[in-house]
Amino acid sequence: IQSTAQGLWAKEVDFESSDAGDPLPDLGNKFELEGRATLDSNNQLQINGVTFIIDARTQFDDGLTLATLDQKWLQIEGVELADGQWLVKEIDLEQQSNELELTGKVSQNSLWGYHASDASLATFDGKWVNVECQFDGMQIHSCRIDD
């Protein structure tokens, strides 16, 4: 935050609680992932076959709009809704690299559609984790808890 003659100016604001006005309560499970985005015929965002909900409060950064998301490599952050859907709070344009930071629930050595080629996720099966993994363009490996 900077102080200007017109008042305070912030480049970015992160909201930690958003229960006011949300149609469905969130479970507090915050997620984060990167991946190649596709827009389906209903303008719903998908990454690795997982569908994410975009609403009027979703923050688009880096000049992105709903119309420009398709086939872009994105980082998205959001919350799990009580009905099991994934509500996106923030979307950033990202450069694909050989590292991925992922926050979500591990299932069968996979996270957000990325399958681990080693057993680095196996001990977290069924758990909500924040991990950093190596990425070969298809699969993840060498995942470790990100602190």
Side-chain angles (χ1 to χ4, degrees), residues 1-2 10-147:
I1 294 180
Q2 296 176 336
K11 179 179 177 190
E12 182 174 313
V13 177
D14 288 330
F15 295 97
E16 294 299 320
S17 178
S18 65
D19 4 343
D22 278 349
L24 292 168
D26 70 58
L27 296 177
N29 285 334
K30 293 179 175 32
F31 68 84
E32 179 179 339
L33 69 141
E34 289 180 33
R36 178 87 46 216
T38 57
L39 284 181
D40 68 16
S41 57
N42 297 321
N43 271 342
Q44 288 188 311
L45 174 68
Q46 293 189 346
I47 296 178
N48 295 335
V50 180
T51 300
F52 298 90
I53 305 301
I54 295 173
D55 71 5
R57 293 177 299 253
T58 300
Q59 177 184 333
F60 293 84
D61 291 334
D62 305 314
L64 292 167
T65 65
L66 184 62
T68 61
L69 296 182
D70 197 41
Q71 298 306 310
K72 297 280 193 311
W73 191 265
L74 304 175
Q75 176 189 41
I76 64 172
E77 297 175 38
V79 294
E80 180 182 13
L81 298 177
D83 66 357
Q85 295 187 83
W86 307 106
L87 177 64
V88 178
K89 297 289 189 177
E90 185 175 347
I91 301 175
D92 294 289
L93 191 60
E94 194 65 46
Q95 291 291 326
Q96 183 176 345
S97 71
N98 61 354
E99 278 192 357
L100 290 179
E101 188 175 316
L102 305 167
T103 302
K105 187 176 182 180
V106 176
S107 178
Q108 299 177 343
N109 211 34
S110 295
L111 186 53
W112 295 122
Y114 293 109
H115 184 73
S117 59
D118 58 10
S120 60
L121 286 178
T123 57
F124 306 117
D125 195 51
K127 295 187 174 83
W128 198 269
V129 295
N130 178 6
V131 293
E132 192 171 276
C133 302
Q134 296 301 305
F135 180 57
D136 67 10
M138 295 293 290
Q139 295 185 315
I140 54 177
H141 61 90
S142 306
C143 297
R144 65 188 189 288
I145 294 294
D146 189 25
D147 40 14

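Residue indices begin at 1 and follow the sequence shown.
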Test log, rule side-chain contact (heavy atoms from CB on, under 4.5 Å), inputs Glu90 and Gln59: CA-CA 5 Å; Glu90 185 175 347; Gln59 177 184 333; 4.2 Å; yes

Backbone N or O of [Y] within a donor-acceptor pair of the [X] side chain at under 3.5 Å?
X: Asn109; Y: Ala116; result: yes
X: Trp128; Y: Lys30; result: yes
X: Asn29; Y: Glu80; result: no

Among residues at least two apart in sequence or on other chains, which ones pass side chain to side chain contact (heavy atoms under 4.5 Å, CB included) with [X]?
X: Ile53; result: Gln44, Gln85, Leu87
X: Ser41; result: none
X: Gln95; result: none
X: Thr58; result: Ile54, Asp55, Phe60, Val88, Ile91

Once salt bridge (charged side-chain N to carboxylate O under 4.0 Å, His left out) is applied, what residue pairs with a partner in [range] remain, sequence neighbours excluded?
range: residues 33-46; answer: none
range: residues 106-117; answer: none
range: residues 117-135; answer: Glu132-Arg144

Working to the nearest 0.5 Å, report the span between [atom1] of [X] and [atom2] of [Y].
X: Thr51; Y: Leu45; atom1: OG1; atom2: CG; result: 8.5 Å
X: Asp70; Y: Thr38; atom1: CG; atom2: OG1; result: 6.5 Å
X: Asp92; Y: Leu64; atom1: CG; atom2: CG; result: 7.5 Å
X: Leu102; Y: Gln75; atom1: CG; atom2: CD; result: 10.0 Å

Lys105 NZ: over 12 foreign heavy atoms closer than 6.0 Å: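 It does not: Lys105 NZ has 12 such atoms or fewer within range.
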
Sub-4.5 Å side-chain heavy-atom contact between [X] and [Y]:
X: Asn130; Y: Glu32; value: no
X: Leu39; Y: Leu66; value: yes
X: Leu100; Y: Leu111; value: no
X: Val106; Y: Val131; value: no
X: Ile145; Y: Val129; value: yes

Pairs satisfying disulfide bond (SG atoms under 2.5 Å apart), at least one member in residues 37-137, at least two apart: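 Listed by first then second residue: Cys133-Cys143.
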
Contact list for residues 87-107, test ring-ring contact (aromatic ring centres under 6.0 Å, His included), sequence neighbours left out: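 Listed by first then second residue: nothing to list.
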
Counterpart residues, side chain to side chain donor-acceptor pair (under 3.5 Å), relative to Ser117 (two or more places apart):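 Result, side chain to side chain donor-acceptor pair (under 3.5 Å) vs Ser117: none returned.
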
Residue pairs, two or more places apart or on separate chains, that pass side-chain hydrogen bond (donor to acceptor under 3.5 Å, both in side chains) and touch residues 133-143: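 Qualifying pairs, neighbours excluded: Glu99-Gln134.
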
Working for side-chain contact (heavy atoms from CB on, under 4.5 Å), residues Ile47 and Trp112: CA-CA 8 Å; Ile47 296 178; Trp112 295 122; over 6 Å; no

Parallel, tilted or perpendicular: rings of Phe52 and Phe31 (30°, 60°):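 Tilted.
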
Contacts of type ring pair (Phe, Tyr, Trp, His ring centres under 6.0 Å), residue Tyr114, not counting sequence neighbours: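 For Tyr114, the residues satisfying ring pair (Phe, Tyr, Trp, His ring centres under 6.0 Å) (neighbours in sequence not counted) are Phe135.
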
